[in-house]
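One structure is given below, encoded as structure tokens.
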Amino acid sequence: MALLNILKFPDPRLRKKAKPIQEVTPEIRQLADDMLETMYAAPGIGLAATQVDVQKQLIVMDLTEEKNNPLVFINPKIEVIGEGFEEMDEGCLSVPGFYETVQRPDHVIIHALDKNGQPFQLEDESLLAVCIQHEIDHLNGKLFIDYLSPLKRQRIRKKLEKQGRLQL
Ligand code: K1U
Ligand code: ZN
């Protein structure tokens, strides 16, 4: 297994769109394992392939405190159920140190392939529903800070650019 580099905002590679995975090969399974290791080490509860500079529709997640329920979503799609919305504080491993409130549909059914290429569905009305929407946004080149005002986003960009320069 390998730890992968997580791209940080405003890296333009975070804006690339991921392509569907045509076949679930051993290389894709290895990438999923490496992404899980990277997510656990960060630490985080989710990670999209875009964040590690791979433009494939692959997401990993584990919402347990014990880190014992790794989830892999290949070519995920969501179906929004009803018209309810929920506001939640979100963080992002690509925007480290910032937590902001985002409003999203609160009830979804996720359709995806698992690590063996088998289709599965998951229905959720809590953190999983929020997290999968955040991760699917990554696959589409979108970040949670895109839901904030331009002024707030600019402040975050300046702080992270300053931190990046200090680390050089
Ligand atoms: O996509 C990412 O960058 C991962 C992100 C997922 C996420 C968190 C909260 C709401 C929506 C999506 C994170 O994992 S940020 C870190 C985090 O939430 C966390 C870290 C350690 C323990 C528990 C949570
Ligand atoms: Zn994120």
Side-chain angles (χ1 to χ4, degrees), residues 1-9 11 14 18 20-21 24-82 84-148 156 160:
M1 295 230 269
L3 279 183
L4 308 170
N5 179 46
I6 299 177
L7 301 177
K8 305 290 184 307
F9 175 76
D11 192 311
L14 286 167
I21 291 172
V24 183
T25 59
E27 288 73 26
I28 295 292
R29 280 189 276 274
Q30 183 62 55
L31 174 61
D33 287 344
D34 290 345
M35 284 173 57
L36 279 165
E37 191 184 5
T38 304
M39 178 194 78
Y40 286 130
I45 56 173
L47 190 68
T50 312
Q51 293 176 277
V52 294
D53 199 22
V54 176
Q55 285 76 50
K56 294 186 194 305
Q57 292 183 5
L58 173 60
I59 287 167
V60 297
M61 216 183 275
D62 191 338
L63 303 179
T64 64
E65 276 185 29
E66 301 76 21
K67 302 181 176 181
N68 61 5
N69 188 26
L71 299 172
V72 175
F73 301 90
I74 293 170
N75 300 340
K77 297 264 178 301
I78 56 161
E79 188 185 335
V80 174
I81 308 296
F85 282 81
E86 186 174 11
E87 281 190 346
M88 201 181 270
D89 277 357
E90 295 190 17
C92 182
L93 300 177
S94 296
V95 190
F98 294 88
Y99 283 82
E100 299 287 346
T101 307
V102 177
Q103 194 184 57
R104 298 185 188 268
D106 63 353
H107 186 182
V108 301
I109 299 177
I110 308 162
H111 303 263
L113 301 180
D114 66 16
K115 266 178 83 174
N116 299 312
Q118 294 303 308
F120 71 100
Q121 288 183 25
L122 274 181
E123 184 167 353
D124 193 72
E125 296 182 65
S126 58
L127 182 58
L128 176 62
V130 171
C131 197
I132 194 72
Q133 292 177 73
H134 176 114
E135 302 307 337
I136 289 176
D137 274 354
H138 275 303
L139 299 182
N140 291 319
K142 188 164 179 164
L143 298 169
F144 82 111
I145 52 172
D146 297 343
Y147 295 98
L148 309 178
I156 292 172
L160 286 175

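Note that these values count all heavy atoms, side chains included, but never hydrogens, waters or copies made by symmetry.
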| remark: The side-chain hydrogen bond (donor to acceptor under 3.5 Å, both in side chains) partners of D62 (sequence neighbours excluded) come to Y40, T64
What I'd like to find out is whether the side chain of [X] reaches to under 4.5 Å of the side chain of [Y], using heavy atoms alone.
X    : Y    : answer
E100 : I156 : yes
L128 : I110 : yes
V130 : E90  : yes
I81  : I109 : yes
H134 : C92  : yes
Q103 : E86  : no

If you measure from [atom1] on [X] to [atom2] on [Y], what distance do you get to the nearest 0.5 Å?
X    : Y    : atom1 : atom2 : value
I132 : I136 : CD1   : CD1   : 4.5 Å
C131 : L63  : SG    : CG    : 5.5 Å
T101 : Y147 : OG1   : OH    : 14.0 Å
L127 : M88  : CG    : CE    : 5.5 Å
F120 : D114 : CZ    : CG    : 6.0 Å

Might you point out which heavy atoms bring [X] and [Y] nearest each other, and give the distance in Å?
X    : Y    : value
G82  : V80  : O-CG1, 3.9 Å
M35  : A49  : CE-N, 3.4 Å
L58  : A32  : CD2-N, 4.1 Å
L139 : A48  : CD2-CB, 4.0 Å
P96  : L160 : O-CD2, 3.8 Å

Would you check if the side chain of [X] reaches a backbone N or O of [Y] as a donor-acceptor pair within less than 3.5 Å?
X    : Y    : value
S94  : Q51  : no
D124 : S126 : yes
D146 : L143 : yes
K67  : E65  : no
E37  : A2   : yes

| K115 to F73, cation-pi by 6.0 Å centre distance and 45° axis angle | no
| Hey, are Q133 and D137 close enough side-chain-wise for a donor-acceptor pair under 3.5 Å? | no
| message | Test of understanding: with side-chain contact (heavy atoms from CB on, under 4.5 Å), list the residues that count as partners of E125, not counting sequence neighbours. | response | H107
| note | Sequence neighbours excluded, the answer for side-chain contact (heavy atoms from CB on, under 4.5 Å) partners of N75 is P20, I21, Q57, L113
| Can you name the one residue among L93, V60, L4 that meets side-chain contact (heavy atoms from CB on, under 4.5 Å) with T38? | L4
